[in-house]
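Proteins come first, then strands; the chains are lettered A, B, ... in the order of their sequence lines, and each starts at number 1.
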Amino acid sequence: MNTLQIDSDGRLRHLLTTEGLPRALIQRILDTAETFVPALGAPPKKVPLLRGKTVFNLFFENSTRTRTTFELAAKRLSADVINMDVAHSSKSKGEDDLDTLFTLEAMGADIFAIRHPENGAAARFAANAAPHVSIINAGDGSHAHPTQGLLDVFTIRRHRPDFEKLTVAIVGDVRHSRVAHSTIHALKTLGTTDIRVVGPERFLPDNAQHLGVSITDDVSAGLDGADVVMGLRIQRERIEGDALAGVADYHSRFGLNAPNLAHAKDDALVMHPGPINRGVEINADIAYGDQSVILEQVRNGIAVRMAVMALIAGNRAVHSHATATT
Amino acid sequence: MNTLQIDSDGRLRHLLTTEGLPRALIQRILDTAETFVPALGAPPKKVPLLRGKTVFNLFFENSTRTRTTFELAAKRLSADVINMDVAHSSKSKGEDDLDTLFTLEAMGADIFAIRHPENGAAARFAANAAPHVSIINAGDGSHAHPTQGLLDVFTIRRHRPDFEKLTVAIVGDVRHSRVAHSTIHALKTLGTTDIRVVGPERFLPDNAQHLGVSITDDVSAGLDGADVVMGLRIQRERIEGDALAGVADYHSRFGLNAPNLAHAKDDALVMHPGPINRGVEINADIAYGDQSVILEQVRNGIAVRMAVMALIAGNRAVHSHATATT
Amino acid sequence: MNTLQIDSDGRLRHLLTTEGLPRALIQRILDTAETFVPALGAPPKKVPLLRGKTVFNLFFENSTRTRTTFELAAKRLSADVINMDVAHSSKSKGEDDLDTLFTLEAMGADIFAIRHPENGAAARFAANAAPHVSIINAGDGSHAHPTQGLLDVFTIRRHRPDFEKLTVAIVGDVRHSRVAHSTIHALKTLGTTDIRVVGPERFLPDNAQHLGVSITDDVSAGLDGADVVMGLRIQRERIEGDALAGVADYHSRFGLNAPNLAHAKDDALVMHPGPINRGVEINADIAYGDQSVILEQVRNGIAVRMAVMALIAGNRAVHSHATATT
C-alpha cells in the first residue's frame, strides 16, 4: 500500500504499485484503457491528450522492450518523449538520483516512467517529485511493475470478467518477480481468491499468506482446474543447483507444455509477460496456440500505459475524450 | 528473386531485394522518389502520408548512419519512429528474433526497417510477418541492401537516364558487398548490360555469370570508357595478406584517384555508398570533385526510402500526393 | 572572438563562443529567451518555429544531460530531432568528422548541436558547413560552451539586471572549464568588471589578464561582498595530489557551504552548471536553499537554447512570434 499515489480527491497521482490501489481506481484505469484498444485490424489510435507534455523514460536499468512500450504509449498520446538511459553504479547514492529528478523537472518534465534496480525507488522519486510531476513505476527491483500487473488483469477481464470465480495459477520464480507481485495484488483487489503460486521451493514467495496465495511445488495440483495459467520468464542462471537439474528438468516439471497444461481447464487462458524463453518456461506451440493471449497482453500493455498517463495528466481531458470516442 | 515482396496485384508488399524486382515497380519507386527530392536550395519536404503509422528501426547490427536515413525518411512522412538496437549474439536462435517481431507487431508496428547480420534474415521476417505489416531490408549479411541499390540507380537515372547504353564499373570488394549486389540487380533489370566488377581476385564475386557482370583485376581495362565508376568502402582488415601489400598498394591499384579515373570517360560519374575511407578506396579530391555525385546519393537516399515506405503504406495515398505536388 | 558566427548583416549565423559576441546580439538572444520561459506553474511553451526543420545532436563525446537540453529545446520548437552519438577515437582525423558533417548536410540537416572533445572543433565545423546550415557549439574541449554561458547571464539578469555593478565569484577549476570561459566572456561584454576566480593555484587560469578577471586562492577574499557565487563541478580525479589533501579538504577550503558563503552578500545568488557533486564543490543545503538559482539555470537553459535556434533559423519568424506572445 502506498498512500503517495492517490491524491486527496482519491484520484491517481502517481502509479507506484498495485498493492492497495482501490478497486474503483483499477476499474477506472481498465475502462479508460478500453477506449485505447484498437478495433480488430484497425491501426492503433493516436490522440492529442498529452500534446505539449513531456514524458521522460528515465531508466536506471536497461530494458529496450519496456522502454519501447512507454515510448509508444506516450507518442500515441502526442507527448514529446525523451529517453534517458542512466548508468546506475552500485556506488551511486540515492541523492544523486534525486538530483537527476530535480534537474529534469526543471527542464519541464510532466511524467516520468522510471525503471530502477532498487526496491522502492519509484516511491522515493514520488516522495520528492514536484507538485505538477507524476511518477510511473516501470519496474523497481523485485518490488513492483504495476503497469504489467494492470495489463494482466485487463487482458483477463476481456476474456473472463468474473474475477471472483477465477482460479489463477502463476508458475515460476514468483519470489523474485515484480511482475507476479503486481499481478497478484491487482487480482486480489478485483476479488480473485483462488490464486496459486507454482514452482520449485526456492522460487516460492516466503510471504504467501500476506500475498493471499497458496503455494505448491506440484504442477498438477497447482494447475488443477485453473482458468488462467501464467508462466513467468525464468532467468537461466537461477535454474541450476539445488533440486533443479537444469533447463530440461525445469521445463518438464514446470514448463507450460501440453502435459502440464492438461491439468488446467480445457479453455484456460495462457499468459506470459514476455519475452519468452522457448523450451524453458513455455513451449512455442503453447505460446502461439489457441489458448494463448500473450500477444494480446503486449497490445493491451500499450492501451493500459496510455490510460495511466492520460488519467494522471488530467481527468477532465480523459472524460471529454471518452465521450468523444464512444 | 523473392516472391514474398510482391502482392497478388503486383504491388510492393515488402522490400527485401532488388533481385527479380520487376522493372515497372523499380520505375514506380524511382518516380515516386522524384516527388520527394527537394528543389535546389529548398528544405526537405515533410508530408503527412504516414501520420499515425509506426515505423520500427529494428537493428540487430549497429549502424548509426543507415538507421538515421530510415529515421529521417519516416519522420518526413510524419510517422512515429521507434529505434531499437537489439544485441544479436551468435547464440541467438532465429526463433528469438521472430518472438521480437511478433511482440513489436502486437504493439502496433506498421513498417520495420530491419538490419541483420544473417543473409536472408529480412525474407525470414517477411515470411512470418502479420498481414498488415511490411518489412524493409536495411541490409542483411552480405546478401542485399535494396534501398541502397535503388538510390544508386535513382542517382544514375537523374544524370544518365539511358541505362541500356551505360558502362558501369564497380571497384572494390564486391564479393562481400550487399550494396554491390543490390545495385547490380537493379541495373540489370533497368537494361544495363555492360557492368564490370574490378578488384583484386579475392574480392571478385564467384557468381559473376549469374550476376551478369564481367570481372577483372586490371583497373585500366575495367574502367576503360566507363560512364559510371562506383567505389566500395573497403574494410581495412580485409586488405592485408595475399597479393595485397596494404593500404597504399590497394589505393594505387584500385583507389579512385586521378590516374585510375583517367581510364573512364572524362565526365564519368563517381559514386560511393559512404562513408568513405579517404586515401584508401577514394581520394578526397575525387570524392568532393566535379564528377562526384556521392552527396547526391545521400540526399537521394532519403527520397528513395520515403518512396518505398509511402508505396508500401498505400498506393492510393501516394497517388493523391503525387497529384498534389506536380 | 570568432568572425564566423556573425553574418554580414550582423546577425547570428552560428553560435561557437561567447568571446567577441556583440553586446546587442547577446541581449537579443536573452530577450528572445524571455519569450520562451514558461510562466510560474505553466507548462513549457511549444511553438511551431522550426516545423519541418531537422536538428541533429551530433555528439562526439557522450553527455546525456546536455543532449537532452538541446533535444527538448528543438522539440519545443517543433523540429524533427535526430540524436547521433558518434564514437571519436583519438585516431580519427578531423577529415572524418567533416565527412560526417557533409553526409548529414546532404540528408537535409538545418542545425547541428555539436559536442566534441577538441578545442575549436565547433569552429572547424562552421568553417566547412554549407550555406544553409548552422552550427551550435554544445561544448568543445575546454574551449567554450556558449549556451551555458548565455543561460548563466540570462539567469543573473532576471535577478540582478545591472551587470556593471556586479561582483561575481567563480569558484573551482576555471582553468579547465569551458563553462567558466563562456560565462566570463559574456559577463565582460555585458559590463561586469569585478569577476574573481577562486580556487587552488593549479585550477586558476593562466590567462587571467586576457580574460579580465582577478584570481585568488583565498575564498574569503574571493567571495567578499560578492553578488553572485558560482561553483563549478569538480572532477574528483583532479583533486588529489599537490596541495589538495582530498575531497574533504577541497570542500572545506572551496566548497559552497555556509561558512564560505558567509563572505558573500547575504542575498548573493548561488549558481552551478550541474550536475552537482554533493559534499564536494557544494552542499545540498546550499544547492537547494533560498539563495540558489541552480534549478532556474536548468529551466532557463531550455529557453536560451530555443532562442538561439529560433534566431538562427530566421529572424523574421521570431519577430512575428514575439509579437504574437506579448
Side-chain angles (χ1 to χ4, degrees), chain A residues 48-62 67 71 74-75 77-89 91-114 127-134 309 312-314 316-317, chain C residues 36-48 57 62-81 83 85 151 155 233 236 272-280 282-285 287-288 292-306:
Chain A
L49 287 173
L50 261 65
R51 191 175 304 288
K53 302 277 185 189
T54 304
V55 174
F56 274 81
N57 287 321
L58 183 56
F59 274 48
F60 295 90
E61 193 182 73
N62 199 268
R67 193 208 66 201
E71 185 178 356
K75 284 185 169 170
L77 293 166
S78 305
D80 286 325
V81 185
I82 305 282
N83 291 321
M84 279 190 89
D85 288 326
V86 182
H88 182 79
S89 82
K91 281 190 203 164
S92 318
K93 297 175 192 162
E95 296 165 347
D96 298 329
D97 292 350
L98 293 182
D99 289 335
T100 299
L101 174 71
F102 300 148
T103 297
L104 300 180
E105 285 180 349
M107 291 183 194
D110 295 287
I111 294 176
F112 289 88
I114 291 181
N128 288 280
H132 66 283
V133 165
S134 289
M309 288 184 195
I312 274 177
R316 220 173 44 164
Chain C
F36 295 122
V37 176
L40 198 70
K45 294 186 180 179
K46 180 139 190 179
V47 293
N57 288 320
N62 199 268
S63 171
T64 305
R65 180 182 153 136
T66 299
R67 193 207 67 201
T68 298
T69 62
F70 282 97
E71 185 177 355
L72 268 177
K75 285 184 169 169
R76 295 209 175 122
L77 292 166
S78 305
D80 286 325
V81 185
N83 292 321
D85 287 326
L151 78 86
T155 303
R233 182 173 174 83
R236 281 161 194 266
H272 189 290
I276 62 172
N277 285 309
R278 294 180 181 218
V280 186
I282 193 164
N283 257 357
D285 285 355
Y288 297 111
S292 172
V293 293
I294 294 175
L295 292 177
E296 278 183 49
Q297 287 174 275
V298 174
R299 185 199 58 184
N300 293 342
I302 307 292
V304 165
R305 289 177 180 109
M306 290 174 76

- Step-by-step salt bridge (charged side-chain N to carboxylate O under 4.0 Å, His left out) determination, A:R51 to A:D80: CA-CA 7 Å; A:R51 191 175 304 288; A:D80 286 325; over 6 Å; no
- Query: With only heavy atoms counted, which part of A:T54 is less than 4.5 Å from chain C, the side chain, the backbone, both or neither?
  - Reply: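 A:T54 touches chain C through side-chain heavy atoms alone.
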- Between the side chains of C:N83 and C:E71, is a donor N or O closer than 3.5 angstrom to an acceptor N or O?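 Indeed, the side chains of C:N83 and C:E71 share at least one donor-acceptor pair under 3.5 Å.
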- Message: Under a 3.5 Å distance rule, please check whether C:N283 uses its side chain to pair with a backbone N or O of C:G279 as donor and acceptor.
- Response: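 No, C:N283 side chain to C:G279 backbone: no donor-acceptor pair under 3.5 Å.
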- Message: Quick check against the 3.5 Å criterion: does A:S78 have a side-chain atom that pairs as donor or acceptor with the backbone of A:L50?
- Response: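 Looks like no, no N/O pair under 3.5 Å.
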- Message: For chain A, which candidate among C:K75, C:Q297, C:R67 shows the most heavy-atom pairs at distances under 4.5 Å?
- Response: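 Highest number of pairs under 4.5 Å: C:K75.
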- Please determine, among C:N277, C:T69, C:L72, the option with the most heavy-atom pairs under 4.5 Å with chain A.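 Top option by heavy-atom pairs under 4.5 Å: C:L72.
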- chain A heavy atoms under 4.5 Å from C:L295: which part of the residue, side chain, backbone, both or neither?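 C:L295 touches chain A through backbone and side-chain heavy atoms alike.
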